[in-house]
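Accompanying notes for the structure given below.
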2 protein chains.
Amino acid sequence: MENLTPVQKELYDWLVQYINTNKHSPSIREMMKAMKLRSPAPIQSRLEKMRNKGYIDWTEGQARTLRILQPHGEGIPLLGKITAGGLVEPFRDEQEKIDFGSFFNLPNCYVLQVVGDSMIEDHITEGDYVIMQSITSIQQAKDGDIVAARVEGYGTTLKKIYFSPSKVSLKASNPKYAPINVSPDQIQVQGSLMGVCRLHQK
Amino acid sequence: MENLTPVQKELYDWLVQYINTNKHSPSIREMMKAMKLRSPAPIQSRLEKMRNKGYIDWTEGQARTLRILQPHGEGIPLLGKITAGGLVEPFRDEQEKIDFGSFFNLPNCYVLQVVGDSMIEDHITEGDYVIMQSITSIQQAKDGDIVAARVEGYGTTLKKIYFSPSKVSLKASNPKYAPINVSPDQIQVQGSLMGVCRLHQK
DNA sequence: AGTTGCTTAGTACGAGTGTTCTAAGGTACA
DNA sequence: TGTACCTTAGAACACTCGTACTAAGCAACT
């Protein structure tokens with residue numbers, strides 16, 4: 001990526017710090033004062049150049065909508081792709097970052113730890129943490145979704161849900177477990193799978 | 001913490017979603033339209049109540065400075081265990097929390113995205129993010145560890161490593177890929193698997 | 001029916017804000 | 001010295017935005 005000039009870097013660093021502490025962007029006039037300038041024009045010029053270089057972006061005409069595109073703060077660097085097959089895939093130089101804290105930062109989310117092996121063919125295994133998003137009505141689930149559902153007599157389990165005109169089918173992704181077929185009013189869908197996390201012990 | 005009324009919760013969830021995707025706060029009039037209201041007053045009323053309850057805050061008089069407060073500390077609530085087999089496991093009331101941001105907050109870590117299916121039997125599949133810890137010497141790897149290793153002629157791949165007196169064996173966990181057997185000086189181990197993360201698209 | 005309390009509609013105002021324009025200042029280079 | 005180019009100053013404009021205010025709607029209760 002193209003480098004920043006000294007004045008651009010000074011502004012960029014100040015912006016990162018400001019947004020980090022205030023959790024929102026400053027206005028152009030605030031930047032102006034922080035850079036000890038007496039006119040908004042230089043700030044605007046620097047911002048446009050930094051946008052062209054891919055460091056920042058904002059929504060035109062709207063106040064305080066500036067955002068940092070490549071924050072070098074939170075997160076773990078994503079170095080590239082690795083092949084499991086055997087082909088060569090070079091490590092990238094660009095330092096994209098992943099912040100797993102906000103990776104699953106969705107409203108109404110909770111985590112469950114998996115016991116058992118009924119979702120093994122979807123690569124969800126014993127001990128995995130599954131990130132679920134709350135569901136209040138069964139209508140919010142779509143055909144094939146992996147859901148946490150409660151059925152009388154079966155308890156709460158993690159299954160794939162399929163809809164047919166008369167009934168709802170809950171299928172494990174492991175052939176040794178038979179599907180559960182019930183009418184929609186016998187089932188209570190509590191959440192829908194958003195992600196999976198696994199910690200390998202050493 | 002004091003609970004939110006339904007309309008407050010609807011607005012709160014929308015705000016979290018908006019800020020998550022746009023990286024800045026909406027204006028009151030944007031909230032107004034999103035809530036299908038025709039006046040800014042109800043939004044203002046709801047915001048003030050949510051601020052009093054400690055959910056949000058903003059800087060008075062300044063545009064788009066609203067921010068979500070996280071009084072429960074970072075993280076997603078861990079509600080309990082869920083069985084994949086069919087047994088009943090009740091949801092826990094205790095609100096243990098998991099912060100995936102610090103979940104993988106280990107020194108010398110980086111992330112790779114997986115291509116291919118050679119680790120499929122260890123439930124690491126295409127598109128998964130693998131969290132690796134840097135390794136400088138092959139001695140830091142233990143028998144059976146999943147490592148990112150570079151072998152001349154094979155590129156950098158994700159495999160299980162096994163040591164024998166004379167050679168090092170890299171095995172995929174997929175029978176259609178043959179193991180690679182080389183002498184220790186032909187292999188360069190770059191990292192060891194610490195965790196796996198997967199995002200399910202909706 | 002009347003009262004009370006809360007929510008919503010609608011409007012208005014002033015300050016904040018992004019943007020644009022012209023002019024002045026400064027620097028590099030011929 | 002002169003020219004070209006970029007940066008800065010300063011002002012002005014139009015629009016956005018937070019805020020305040022009044023009136024109307026609405027439900028619960030007396």
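- A salt bridge links B:R51 and B:E60; the closest N-O separation between the charged side-chain nitrogens and carboxylate oxygens is under 4.0 Å.
- For B:W58 and D:dC17, the CH2 to P distance is 16 Å, given to the nearest whole Å.
- Straight-line distance from the CD atom of A:E60 to the C1' atom of D:dC15: 14 Å, rounded to whole Å.
- By the salt bridge (Lys or Arg N to Asp or Glu O under 4.0 Å) test, A:K160 is found to be paired with A:D122, residues two or more places apart in sequence or in another chain being considered.
- Between B:K159 and B:K171, every side-chain heavy-atom pair lies at or beyond the 4.5 Å cut-off.
- Place B:G61 and B:K36 on DNA chain C by their nearest nucleotides, and B:K36 ends up nearer the 5' end.
- Both B:P26 and A:Q8 sit near DNA chain D, but only A:Q8 has its closest nucleotide nearer the 5' end.
- Atom-to-atom, CG of B:L37 to C1' of D:dG25 comes out at 14 Å; the value is rounded to the nearest Å.
- Inter-residue side-chain proximity for A:N20 and A:Y18 is flagged as unmet; no heavy-atom pair is nearer than 4.5 Å.
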Check: Does the pair B:L170 and B:Y162 meet the rule for a side chain to side chain contact (heavy atoms under 4.5 Å, CB included), with working shown?
Finding: CA-CA 6 Å; B:L170 291 173; B:Y162 293 96; over 6 Å; no

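- Considering only heavy atoms from C-beta on, B:I131 stays 4.5 Å or farther from B:L112 through its side chain.
- Looking at heavy atoms from C-beta onward, A:T125 lies out of side-chain contact with A:V114 at the 4.5 angstrom threshold.
- Bracketed by its first and final contacts, the part of DNA chain C lying under 4.0 Å from non-hydrogen atoms of chain A reaches from C:dT17 to C:dT20 in 5' to 3' order.
- Within residues 41-49 of chain A, the residues approached by DNA chain D to less than 4.0 Å at the level of any non-hydrogen atom are A:A41, A:P42, A:R46, A:K49, in residue-number order.
- The residue A:R29 sits close to a base: some heavy atom pair falls under 4.0 Å.
- The shortest distance between side-chain heavy atoms of B:M132 and B:Q190 does not fall below 4.5 Å.
- A:Q62 has its CD atom 11 Å from the P atom of D:dG18, to the nearest Å.
- Under 4.0 angstrom from either OP1 or OP2 of D:dT8 there lies no side-chain N or O belonging to A:R38.
- A salt bridge links A:E30 to A:R64: one of the charged nitrogens lies within less than 4.0 Å of a carboxylate oxygen.
- Protein atom CD1 of A:I28 is 16 Å distant from nucleotide atom C1' of D:dA11, rounded to whole Å.
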